[in-house]
Amino acid sequence: MAKYILKRLLISIPVFIGITFLVFLLANLAPGSPVDLLSAANGMTQEQLDAYRTYLGLDKPLVYRYGIWILDFFRGDMGTSTAFNQSVSALILGRLPATLILTLSAQLIAMVIGIPLGMVSASKPHSVWDSISSFISFIGSSIPNFFIALVAIYVFAVNLGLLPAFGMYSGTTFTSLGDLLWHLILPSSMIALSLIGNFIKQTKGAVLEVLNEDYIKTAKAKGIGKFRVTIKHVLRNSMTPVVAEISTGIPFLIAGAVTIEKIFSWPGLGSLMITGINNRDYNLITGITAVIAIIVLVCNILLDILYTWLDPRIDFKTMDK
Amino acid sequence: MGKQLEVKSLTVGFRSGREVHNAVSNVTYYLNRGETLCIVGESGCGKSVSVSSILRLLPESSTVISGEILFGGIDLLQAEEKTLDQIRGDKISMIFQEPMTSLNPSMTIGRQLIESVNAHERVPKEKALDLCKRMLTEVGIHDAERCMNAYPHEFSGGMRQRVMIAMAMICKPEILIADEPTTALDVTVQAQILSLMRKLKNEYGTSIIFITHDMGVVAEMADDVIVMYAGEIVEKSSVTELFTNPKHPYTKGLLASLPHIGEKQNRLYSIEGTVPSLANMPAGCRFKQRCKEKCDACNVHPDLYKSGEGYVRCVLYSRGDDL
């Protein structure tokens, strides 16, 4: 297993370089630069602007600059943010927990609701639960989540006054877990809503397939009871596609978090990213992308390990092929 | 002796849209204590469906079952899930046709075995483990210790079927239902599995309902035989009677299509035509279109007539005379 993980990590390095290079390129090729933004706002002299450009290293060729960036990155330095005038790594570290809380809770809500709904709608087709889950997945996957988020703010925050419309805490810092959760409900369930549909669909499909398997008949014939058959035999064997759903869903989860963070003023990486883009803050954009890329790559390796636990027929040797 | 299990007028239908197609129609039989009853017939004749309904293993939403299945004074078709779960695996257990797919791929064999024990007997874990290992040894698995921690995919079909048998027999059931347990195995393994089942039957005094389409297996295993065709019983008799004096034209056809050692045959006999589909069952005798002895009377659906020691569903025997 250690060998497999090492191999996967080594393969991840070129993938990581590819992703960051592409983002670096796109950010730099987009019209406007930190220097342009400055000149428009402050009416600086041409010499001052040129000096700033040289100070930022923007007069060097693109590929050379990327080379500097990646070498610095591997030394643990992601440069300085032009928008905040702070080190990018400090900015990211400050915002990362908020995003992790938001995305993990959204993922958790989606799984806790989606998987059981998928199971029930597979084992009781045409039941009320089946209709409810079709409705939820229809809403979640067909209406963009920024729109539902605005509706939810209007209903729950403005009209009913039940939940806060923005921020992570009532004050400026963490006071209690209850306060955090209270602020978390709306944004995380908005992201969860867009993920639930896929969980329901994947679970339902997998459970329907497993229910037809011969070993389920064997399990029933042993007289171990319906509950045990469902938990020990059906659920475990239908989780492989659900795990696949998690790993393909992570990028969408993060992309969803970007808009939702902006709408709810959630102080996470997503809103930081938008500030970075608006200010053409190259280091910040590339730095956040790099961190997200690492999270996605590591999650994929972890989920691959989870596969081998779920299905003993899969081992690290067969996964290599 | 005595009737251990009685199946009375069992009819099983499958829903297809608004219609219900009967895969098993009005099947009545009983199993004597300590005997082996073979149910024979070609694919789709309803033999598997009829025994799967004994433990109510068919999907309830898509099937319509009527009749009675009496076991120990309980009608299994009316019994509650809880009562059934006390019978399943403990008093009546079942093994299936496909050993390759009948074991849970993500659970070790040991855990699958111990699950059966725990469901029906309150024994400490050590004792249960011990029982599992002994049972594995008994079905001819030498390295029981290693087998307990192995997953099904590490075993061949024959070994898996042995595990299935161990799992089915571990609570010493009164009845074992074997749904074509040797069909998917190759011939040498088939013989081993059959002799293992006979050994366990004698040791545990288990009665067996054995489903097969292989007349050779019938000759090997059966005390009594039921021949099914298109969802109906067409002939019931003892095994010797069936082989020496088959009555129904279908049974005769089945026996004629067996190859004989020592005789020079160019082509094996086969029954012409195909089984009628469930949705399109002919009126009258269901076998008439393929029958060599058909007459006008075959347009009326024949009853199961008594003939000699057995029963036969053919108008030729309607007056009870032996031909």
Side-chain angles (χ1 to χ4, degrees), chain A residues 119-131 203-204 206-244 304-319, chain B residues 48 51-52 54-62 81-109 111-121 149-154 160 163-164 167-168 170-171 173 176-177 179 184:
Chain A
M119 290 191 66
V120 175
S121 47
S123 43
K124 291 202 174 78
H126 312 302
S127 66
V128 186
W129 290 107
D130 192 14
S131 317
T203 312
K204 185 178 175 181
V207 168
L208 280 177
E209 209 165 283
V210 171
L211 281 176
N212 279 325
E213 294 283 352
D214 290 339
Y215 57 81
I216 297 302
K217 210 171 166 187
T218 310
K220 278 186 198 158
K222 288 201 278 190
I224 54 175
K226 204 171 180 171
F227 181 73
R228 232 191 120 82
V229 172
T230 313
I231 298 298
K232 288 278 167 178
H233 297 269
V234 180
L235 191 60
R236 171 89 179 261
N237 285 297
S238 31
M239 279 303 105
T240 326
V242 178
V243 171
D304 271 356
I305 295 169
L306 189 61
Y307 275 134
T308 63
W309 176 78
L310 278 174
D311 188 345
R313 286 170 297 184
I314 302 173
D315 61 15
F316 293 108
K317 272 183 216 127
T318 51
M319 278 207 299
Chain B
S48 274
V51 295
S52 288
I54 296 177
L55 288 178
R56 292 236 306 265
L57 296 176
L58 298 167
E60 306 221 325
S61 54
S62 57
E81 249 336 90
K82 223 177 146 192
T83 322
L84 277 174
D85 276 334
Q86 283 163 4
I87 293 171
R88 289 174 179 148
D90 189 30
K91 303 200 164 63
I92 303 177
S93 60
M94 198 158 172
I95 53 179
F96 302 96
Q97 178 172 358
E98 272 299 336
M100 301 307 276
T101 53
S102 293
L103 289 165
N104 185 341
S106 64
M107 220 187 219
T108 60
I109 283 167
R111 282 179 57 196
Q112 296 191 50
L113 274 171
I114 219 160
E115 192 177 51
S116 302
V117 182
N118 287 341
H120 303 294
E121 283 165 39
N149 295 315
Y151 287 96
H153 70 274
E154 299 170 43
R160 288 191 213 185
V163 171
M164 283 296 289
M167 210 153 78
I170 201 156
C171 293
L176 174 68
I177 302 171
D179 186 358

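Each chain gets a letter, A, B and so on, in the order the sequences are listed, and its residues count up from 1. In this text, all values refer to a predicted model and were calculated from it rather than measured experimentally.
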Notebook entry, point to check: Quick one: which of A:Asp214, A:Asn237, A:Val234, A:Ile216 gives a side-chain contact (heavy atoms from CB on, under 4.5 Å) with B:Asn104?
Noted result: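 Result for side-chain contact (heavy atoms from CB on, under 4.5 Å) with B:Asn104: A:Asn237.
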Quick check for you: among [options], which has the greatest number of heavy-atom pairs under 4.5 Å with chain A?
options	result
B:Met164, B:Glu98, B:His120, B:Arg111	B:His120
B:Ser102, B:Gly89, B:Ala119	B:Ser102
B:Pro105, B:Cys171, B:Ser116	B:Pro105
B:Lys82, B:Gln86, B:Met167, B:Glu115	B:Glu115

Note to self: Using 0.5 Å steps for rounding, measure from the CH2 atom of A:Trp309 to the OG atom of B:Ser106.
What the structure shows: 8.5 Å
Check: Roughly how far, to the nearest 0.5 Å, is the NZ atom of A:Lys217 from the CG atom of B:Leu55?
Finding: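 B:Leu55 CG to A:Lys217 NZ: 10.0 Å, rounded to 0.5 Å.
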Portion of [X] that has a non-hydrogen atom of chain A nearer than 4.5 angstrom:
X	value
B:Glu81	neither
B:Arg56	neither
B:Ser52	side chain
B:Met100	neither

Margin query: Only heavy atoms, only distances under 4.5 angstrom. Which residues in residues 219-227 of chain A are near chain B?
Written below: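 Listed by number: A:Lys220, A:Ala221, A:Lys222, A:Gly223, A:Ile224, A:Gly225, A:Lys226.
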Notebook entry, point to check: Can a donor-acceptor pair be found between the side chains of B:Gln112 and A:His233 at a distance below 3.5 Å?
Noted result: no
Notebook entry, point to check: Does some side-chain heavy atom of B:Phe96 sit less than 4.5 Å from a side-chain heavy atom of A:Thr218?
Noted result: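 Side chain of A:Thr218 against side chain of B:Phe96, heavy atoms only: contact under 4.5 Å found.
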Notebook entry, point to check: Who are the salt bridge (charged side-chain N to carboxylate O under 4.0 Å, His left out) partners of A:Glu209, not counting sequence neighbours?
Noted result: none
Margin query: Is A:Leu211 close to chain B through its backbone or its side chain, or both, or neither, when contacts mean heavy atoms under 4.5 Å?
Written below: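 No part of it gets close to chain B.
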